[in-house]
Amino acid sequence: MTEPSQPVPILVIDDERDIRDACERLLNRMECKVTKAPDGQTGLALLDQERPWVVLLDLKMPGIGGMEVLPAIRSRYPEVLVIIITGYATVETAIEAMKRGAYDFIPKPFKPDELRITVGRAIERIRLEREARRLEAERRRTLADLNQEKSRTRTIIKALPFGVMVTSGDGRVALMNPALREMLGLEPDAQPGRPVDEYVENQAFRDLVERIGSGREKVGDPENWSLEFSPGRERYLWSRGSRVLGEDGSCLGAVMVLADLTEYKMLDRLKNEFVAKVSHELRSPLSTILLQLTVLAGDSTPMGAPGQQKMLHRARERTQSLIDFVKELLDISRIESGTAFNEAQEVNPGEVLSQAVESVLPQAEDKKQKLSLTLPEAALPSLRVDPVALSSVFTNLISNAVKYSDPETEIKVSARTESNSLLVSVADQGFGIEPDKLDKIWDKFFRINTEKTRYVTGTGLGLPIVKSIVDNLGGRVEVTSTPGQGSTFTVYLPLG
Ligand code: ADP
């Protein structure tokens with residue numbers, strides 16, 4: 001038992017001193033703490049003070065007798081066990097005492113063992129009762145704790161600024177918080193319990209929840225577990241999901257966390273509009289300056305000293321690169337705002353690729369590089385795209401290969417189809433890219449600054465443009481590179 005074994009308090013109420021002392025002696029050996037009272041009155045007074053577990057009560061005493069003391073004890077301390085000891089033991093008195101709530105009955109004179117056994121049984125019973133009460137209290141406390149813990153978690157989820165949606169394995173919504181209702185434009189009192197489809201229209205989001213919640217999503221592929229989508233009404237959300245696992249590791253459902261990107265998207269749009277406006281404003285005066293510089297440089301009666309011709313030439317070059325820069329800025333802001341693309345049309349990718357190679361050929365020839373294109377024997381399947389955007393992807397990659405390679409190297413461009421994708425690769429034997437830069441080259445304005453690249457002109461916008469267009473077409477672009485040996489850029493575009 002967990003009850004610490006302290007001496008058990010026992011009260012003996014008997015007018016016979018010998019009996020009181022005998023009880024005390026015997027019970028002290030049972031690790032009891034005995035208090036003695038010579039009559040009923042004193043006994044009742046000691047009851048409040050000593051709070052005994054067991055009372056040994058004589059029936060026949062001067063003053064108030066045991067039969068009157070017994071109900072008084074029972075009514076004040078019902079949990080106290082009263083054992084009657086009496087020399088006038090008859091069946092009737094025993095029955096009467098039991099009726100009035102006595103626990104047991106010992107006739108006088110009694111043997112020490114009789115007393116020990118009866119009192120021992122009473123103590124054991126009280127101990128068991130106490131232990132049961134303690135366990136019950138503990139169980140109640142644990143339940144209360146759990147309940148409190150649950151409601152605390154609920155409060156936290158409710159207060160989160162992120163949307164939270166928990167679904168069960170069969171695709172029903174088990175929990176959602178107010179932020180989620182707001183993000184999805186649901187009624188504030190919309191209740192969980194129905195299939196996800198009834199809360200979200202976006203198919204990509206429904207598919208993601210289904211893939212995660214059914215446990216079909218591959219483990220260790222978290223890239224695919226997030227999604228940017230719009231539930232409509234000029235709202236943009238980002239969502240990330242995880243599986244909810246049971247104790248045995250089985251998948252019970254999905255928990256989706258949603259963040260609102262609308263404000264960032266709006267800011268991004270404003271920034272794009274600003275860049276587009278500035279680039280647009282810069283473009284025409286720059287074009288005019290370039291035209292005038294060209295006229296001046298080509299004039300048959302050049303002004304001033306020969307040195308000034310060189311300056312004019314340089315000014316013309318710099319103006320041209322400024323115009324290129326402004327054009328790329330304009331391109332990227334249009335691509336990002338989604339206004340860059342003309343109507344998609346059926347395009348022969350082999351043709352677009354040949355034209356791109358053609359357009360870069362003069363730069364390659366200047367550097368005595370061998371630029372080759374390999375197309376499969378059979379015509380490549382056509383793509384539904386904006387031809388200008390597609391051409392921009394290929395031209396950027398091929399002209400980079402030319403720019404970032406030494407003279408007299410080889411650049412191989414090739415195309416083929418592979419499992420419902422069109423694959424175009426541009427492989428060079430150029431400077432290569434350090435592994436820690438491979439991620440960064442897709443960032444706007446990022447340029448690698450080394451001895452070799454220092455004199456190559458560029459804006460750091462070519463690859464971001466490539467990536468935005470390819471993303472827009474639902475494809476992807478990858479690079480492998482070995483510094484000092486060369487790089488291969490591969491574009492994957494979905495077919496049909
Ligand atoms: P830009 O060429 O105008 O600098 P890009 O966005 O096209 O901008 O490329 C970013 C950077 O990536 C380049 O500055 C260059 O350092 C590196 N890079 C791109 N293509 C290659 C390549 N084929 N070989 C080596 N480095 C490259």
Side-chain angles (χ1 to χ4, degrees), residues 272 275 279 282 317-336 340 353 356-357 359-374 388-415 423-472 475-492:
N272 271 334
V275 172
S279 333
L282 280 172
E317 258 180 22
R318 303 294 287 177
T319 314
Q320 182 62 56
S321 58
L322 256 181
I323 290 174
D324 292 346
F325 175 64
V326 166
K327 182 184 167 303
E328 290 201 328
L329 265 184
L330 208 53
D331 280 352
I332 196 143
S333 61
R334 283 201 196 129
I335 291 167
E336 287 185 347
L353 199 51
V357 169
S359 71
V360 185
L361 206 55
Q363 298 165 38
E365 279 168 355
D366 278 353
K367 292 177 81 172
K368 298 195 170 54
Q369 290 164 333
K370 187 173 170 219
L371 173 58
S372 67
L373 169 65
T374 312
V388 180
L390 190 64
S391 164
S392 167
V393 169
F394 298 152
T395 317
N396 263 305
L397 293 179
I398 303 167
S399 85
N400 273 354
V402 169
K403 284 194 313 187
Y404 300 107
S405 297
D406 281 325
E408 294 176 17
T409 51
E410 200 174 338
I411 293 143
K412 289 182 183 164
V413 182
S414 64
L423 240 102
V424 175
S425 82
V426 180
D428 63 45
Q429 301 171 332
F431 312 153
I433 302 162
E434 295 289 335
D436 63 325
K437 305 280 189 315
L438 281 176
D439 274 352
K440 303 199 175 97
I441 55 173
W442 310 103
D443 293 347
K444 280 181 234 170
F445 306 112
F446 181 82
R447 305 201 67 218
I448 299 171
N449 193 2
T450 63
E451 266 316 305
K452 293 248 183 196
T453 59
R454 183 157 301 159
Y455 302 103
V456 182
T457 54
T459 57
L461 286 173
L463 290 179
I465 287 177
V466 168
K467 188 169 175 351
S468 296
I469 295 175
V470 173
D471 282 353
N472 227 289
R476 64 179 203 281
V477 48
E478 289 176 357
V479 55
T480 55
S481 185
T482 312
Q485 290 188 23
S487 317
T488 301
F489 284 79
T490 311
V491 175
Y492 299 78

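When a ligand or atom number is given, it counts from 1 through the structure's own listing order. Heavy-atom basis, side chains included; hydrogens, waters and symmetry copies ignored.
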Side chain to side chain contact (heavy atoms under 4.5 Å, CB included) assessment of Trp442 paired with Val477
CA-CA 10 Å; Trp442 310 103; Val477 48; 3.6 Å; yes
How close does the nearest protein non-hydrogen atom get to [atom], and which residue and atom is it?
atom	answer
atom 2 (O) of ligand 1	Tyr404 OH, 2.7 Å
atom 26 (N) of ligand 1	Ile433 CG1, 3.4 Å
atom 3 (O) of ligand 1	Thr459 N, 2.8 Å
atom 4 (O) of ligand 1	Arg447 NE, 2.5 Å
atom 7 (O) of ligand 1	Asn400 ND2, 2.9 Å
atom 6 (O) of ligand 1	Leu463 N, 2.8 Å

Could you tell me whether the side chain of [X] and the main chain of [Y] form a donor-acceptor pair under 3.5 Å?
X	Y	value
Lys403	Thr457	yes
Ser468	Pro464	yes
Lys367	Val402	yes
Thr450	Thr453	yes
Gln369	Ile411	no

Applying a strict 4.0 Å limit to heavy atoms, is [X] in contact with ligand 1?
X	answer
Asn396	no
Phe489	yes
Gly460	yes

Atoms of ligand 1 close to [X] [distance to a heavy atom under 4.0 angstrom, numbered from 1]:
X	result
Phe446	10 (C), 11 (C)
Gly462	5 (P), 6 (O), 7 (O), 8 (O)
Ile441	12 (O)
Asp428	22 (C), 23 (N), 24 (N)
Pro464	6 (O)
Gly458	3 (O)

At under 4.0 Å between heavy atoms, which part of [X] makes contact with ligand 1: side chain, backbone, both or neither?
X	result
Lys403	side chain
Ile448	both
Leu461	backbone

Are the charged groups of Lys370 and Glu410 less than 4.0 angstrom apart, N to O?
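Glu410 and Lys370: salt-bridged.
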Go through it in stages, so that I can follow the logic: the residues are Thr490 and Val479, the test is side chain to side chain contact (heavy atoms under 4.5 Å, CB included), and I'd like the CA-CA distance, side-chain angles, deciding distance and then a yes or no.
CA-CA 6 Å; Thr490 311; Val479 55; over 6 Å; no
Qualifying residue, where the test is side-chain contact (heavy atoms from CB on, under 4.5 Å) with Leu373 and the options are Val426, Ile398, Val413:
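Option passing the side-chain contact (heavy atoms from CB on, under 4.5 Å) with Leu373: Val413.
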Could you pull out, from Ser487, Ala427, Gly486, the option with a heavy atom nearest to atom 24 (N) of ligand 1?
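Considering heavy atoms of Ser487, Ala427, Gly486, the nearest to atom 24 (N) of ligand 1 sits in Ser487.
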Spatial distance of atom CG (Asn396) from atom CD1 (Ile469) [nearest 0.5 Å]
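It is 7.5 Å, given to the nearest 0.5 Å.
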Under 3.5 Å, is there a donor on one side chain and an acceptor on the other for Ser481 and Ser487?
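Judged by distance alone, the side chains do pair up.
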Got more than 12 heavy atoms from elsewhere within 6.0 Å of CG, Asp439?
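Result for CG/Asp439: open.
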